Each structure stands twice: as structure tokens, then as C-alpha cells.
Undergrad: 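Have a look at the structure that comes next, please.
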Number of protein chains: 2
Amino acid sequence: MKLIASARMQAVPSSDNALRLEDFLPYRLSVLANLVSGSLARVYARRFDLTVPEWRVLAVLGRYPGISAGEVAERAAMDKVTVSRAVARLIARGRLRRGTDAEDRRRSALRMTAEGRTVYQRIVPLARAYEAELLADFSAAERTSLDRLIHRLTGEAARLREPKAPAQAADD
Amino acid sequence: MKLIASARMQAVPSSDNALRLEDFLPYRLSVLANLVSGSLARVYARRFDLTVPEWRVLAVLGRYPGISAGEVAERAAMDKVTVSRAVARLIARGRLRRGTDAEDRRRSALRMTAEGRTVYQRIVPLARAYEAELLADFSAAERTSLDRLIHRLTGEAARLREPKAPAQAADD
DNA sequence: GGAAATTAGTTTCATATGAAACTAATTGCA
DNA sequence: TGCAATTAGTTTCATATGAAACTAATTTCC
């Protein structure tokens, strides 16, 4: 691969008006998350013919068997359309079955089949191993620190997403 | 919005075989990055009619005017197809112009137009303000810590993606 | 009871994505 | 030189995404 920072290319001095993308937190988080998701997906995607949304549905149902599609969507922070499609595909492959909630027949009650559980139980150790490798060089204190920083950032980002008070009339 | 953890729903005890998605680092990073990207994009997407890839192209060209599309892709960690399309759209809207590299006529030499620069210079302060809000509650020590943790994680994830790539000092 | 409003989930539609095939220009090397 | 291999960038194609419209079941409220 070619190196990109050759001597002839000179960067604009990062003054007030030039932003260093490589130092910009939203960009860095995006790159990191994509790298991690991508490399983790390599572990299971082909081997188990599973997409990321499908894996997430299984992961949630592994902890909360019998919940509805909407609850899966909330737990996994996924769109309901994405969940609907992942569930449909998992059912088509015999990895999930859909019961109907006795009290509310609009709701589904999703459970893994024996086959789905097998897949799930084979992936979980791989996922844990991946995470362990990712954090192999981090001390306990660093892990705690990382945990708290992510937690706080997530809270902040959620807060910033919801506009607080409409300061101006909506023009957009 | 409805609460999801009602009394009747009991989680499988998080033993060896059930993975807690909400504690799983790849999942948490993905949720965080999506939240941040989404809330930041709200700041500029509609107001400037700009997609995330387009904003990134501008951000890179703001620092490295005159580089080629391929160099933009490397700098922004974007796919070359995505860059190609973002560049085409930016040119169509008069925000970029494409010169040809004198030495290698396959290469483009991308530069913002005055109009592009105006957009860029209006977004940069907004982007900085967003980042500042996100980090408002973080001390200098915490920011340093966050910076280093992200840096190391990114390096680890890159290493895990390429199983046998030699350790390389990428400056990002 | 029953019409209107609400909710769970699916389908449609328009757009975004990236791998692979492709075009055009350049470089390697006989 | 000239032709094969390489490289920059675009287009094609197959798939992924999510907003909005839709269907079906339920709840609200008169």
C-alpha cells in the first residue's frame, strides 16, 4: 500500500479554519466502530451465514427469550424494520420460531430453535474471545476507565440528539 | 415510550453461555458511533444539503487541497467508490472542481471552489462546537485518557482485521 | 357495543453501499 | 519501440437501509 504523507504534500496549518479530521472525535469513533464491527463480523459472518443484525437478534434473545420483535429492537438499539427482516431470515433458516403473545395477539414471542441455540452458543465464545483480544493490552484500570468514558459519551450523545428547547422557529 | 424491563420478563442469568450485549464492547462502540454521527449529521445535513461522505471529503480537502480522490479515500478511511460518488455530487453542486494532475493524467487534483470553501468554513465551527459539547463534562485528564484509549483500540482492531499484517505506524 | 385512535409488525420505495467489472492512463520490461 | 501489467477512477449490480405507507389486532372512550 502506498504511503500518503509524502514530502511534497503539505497540509494546511491546522489553524482556526482547518479541522483535523484525524483528531475529530466523531470521525475517530466512526472509524473505530467500523473496524471493530467489521473484524468481528469476519469471525461469524461466513462461518455461520449470519449478518450483524441477525447476530444481534440472537444475542438479545439469548438473554431475553420470548420477547417481542419490538422489544428486541429496543434492546439491540436497532430499527424495527431491520429487526423484522433479520427475524424473517432467522425463521426461514430454522433458527428462530415465532409464537404469538397470548394476551396481545399483535405481538410475537420470539424464541430460538435448538438449531438457533447451537449457532448462538458457538458464537458467544468467539465474540468473547474477540473482545478479550481487543482488550488484551489494557489493564483493569484502563478497562474501567474505558467503560465509564463510553458510558458517559453515549449519554451525552443521546442528550444532544434530542433538541432541548427550540431556540428558533424552524426554518431549515 | 414504553419501558421494556417489566417484572414478568426475566433475563437469563448472564452465565457462561449468555452474553450481555449491553456490556459487549463492539456493540457499545457501534451504538455510540451511530449516535454521535447521527446527531452531528443533523447539524449540517439538511442545512447544507450535505451527506456524511461529502462532509468528510470537504474536511480532508480543507487540510490537503489538491490531492487526488484516492488520497482522499485513504485520509478519510472511506471506500473509493464512496469517494467517487461524493466527489461527483460535490462537483455537480459547484463545491469542488477537478483538475488533472500534470504528471499523471489518471489522477485528479481536487480543490474546493469558493462556494465549497464557504460551506466548509461554516460547518467547521459547528463541528467543533458539537465536539466541545460532547466533551463538555470531561476533564483534561479524561480527554487525554479517551484520546489514548481510542488510539490504542483502533490500532488493535486494525491488527485483528489483518491477521498477519506487519505492525505499521499509521499516523492516525 | 362500536367507531376512532393506537400499537405491532410488514411491505414499499427511494436511496446508500461496496465488490467486481470496466475504462483510461501510465509504467515495466522484452 | 510496443505490449503486458499496473493504477486511478467510474459504472454496474446485488444487497442493505430506513422513512412512510400499510395491515391487523387492540385499546380508548362515547
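All of these numbers come straight from a predicted model, not from anything done at the bench. To find a chain, count down the sequence lines: A is the first, B the second, and so on, and within it residues start at 1. Only heavy atoms go into these numbers, but all of them, side chains included; no hydrogens, no water, no symmetry mates.
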Undergrad: Just to verify, what does B/Arg95 make a side-chain hydrogen bond (donor to acceptor under 3.5 Å, both in side chains) with, not counting sequence neighbours?
TA: none
Undergrad: When you measure from the side chain of A/Arg143 to the backbone of A/Phe138, do you find a donor-acceptor pair of N or O atoms at a distance under 3.5 Å?
TA: yes
Undergrad: Phosphate oxygens OP1/OP2 of C/dA24: is one of them under 4.0 Å from a side-chain N or O of B/Arg105?
TA: no
Undergrad: How far apart are the C-alpha atoms of A/Glu142 and B/Arg148, what are their side-chain angles, what is the distance that settles it, and do they pass the salt bridge (charged side-chain N to carboxylate O under 4.0 Å, His left out) test?
TA: CA-CA 10 Å; A/Glu142 286 169 337; B/Arg148 298 186 57 178; over 6 Å; no
Undergrad: If Ile, Leu, Val, Met, Phe, Trp and Tyr residues are connected whenever their side-chain heavy atoms lie under 4.5 Å apart, and connections chain through other members, are B/Ile123 and B/Val43 in the same group?
TA: yes
Undergrad: What string of B, S and - do you get for nucleotides 9-16 of chain C, 5' to 3', when a contact is any protein heavy atom under 4.0 Å?
TA: BBBB----
Undergrad: I need the full list of side chain to side chain donor-acceptor pair (under 3.5 Å) pairs touching residues 31-40 of chain B, with sequence neighbours left out, sorted by first then second residue.
TA: B/Ser39-B/Tyr130
Undergrad: Per the end-axis method with five pairs at each terminus, what is the bend angle of the helix from C/dG1-D/dC30 to C/dA30-D/dT1, to 10°?
TA: 0°
Undergrad: What is the separation between atom CE on A/Met78 and atom C1' on C/dA8, rounded to the nearest whole Å?
TA: 16 Å
Undergrad: For the pair B/Tyr44 and B/Trp55, name the ring-plane relationship: parallel under 30°, tilted 30 to 60°, perpendicular over 60°.
TA: tilted
Undergrad: Rounded to whole angstrom units, what separation is found between the CG atom of A/Leu110 and the C1' atom of C/dA8?
TA: 11 Å
Undergrad: Whether the side chain of B/Arg75 engages the backbone of B/Ala59 through a donor-acceptor N/O pair (distance < 3.5 Å, no angle test) should be reported.
TA: no
Undergrad: Taking only heavy atoms on the protein side, list every residue of residues 26-36 of chain B lying under 4.0 Å from any atom of DNA chain C, sorted numerically.
TA: none
Undergrad: Once side chain to side chain contact (heavy atoms under 4.5 Å, CB included) is applied, do any residues pair with B/Ala73, and if so which ones, sequence neighbours excluded?
TA: B/Val83
Undergrad: So, A/Arg159 and A/Glu156, do they make that salt bridge, N to O below 4.0 Å?
TA: yes
Undergrad: For A/Asp79 and B/Asp104, find the nucleotide of DNA chain D closest to each by heavy atoms; which residue's nucleotide sits nearer the 5' end?
TA: B/Asp104
Undergrad: Would you say the side-chain atoms of B/Glu54 and B/Thr51 include a donor-acceptor pair closer than 3.5 Å?
TA: yes
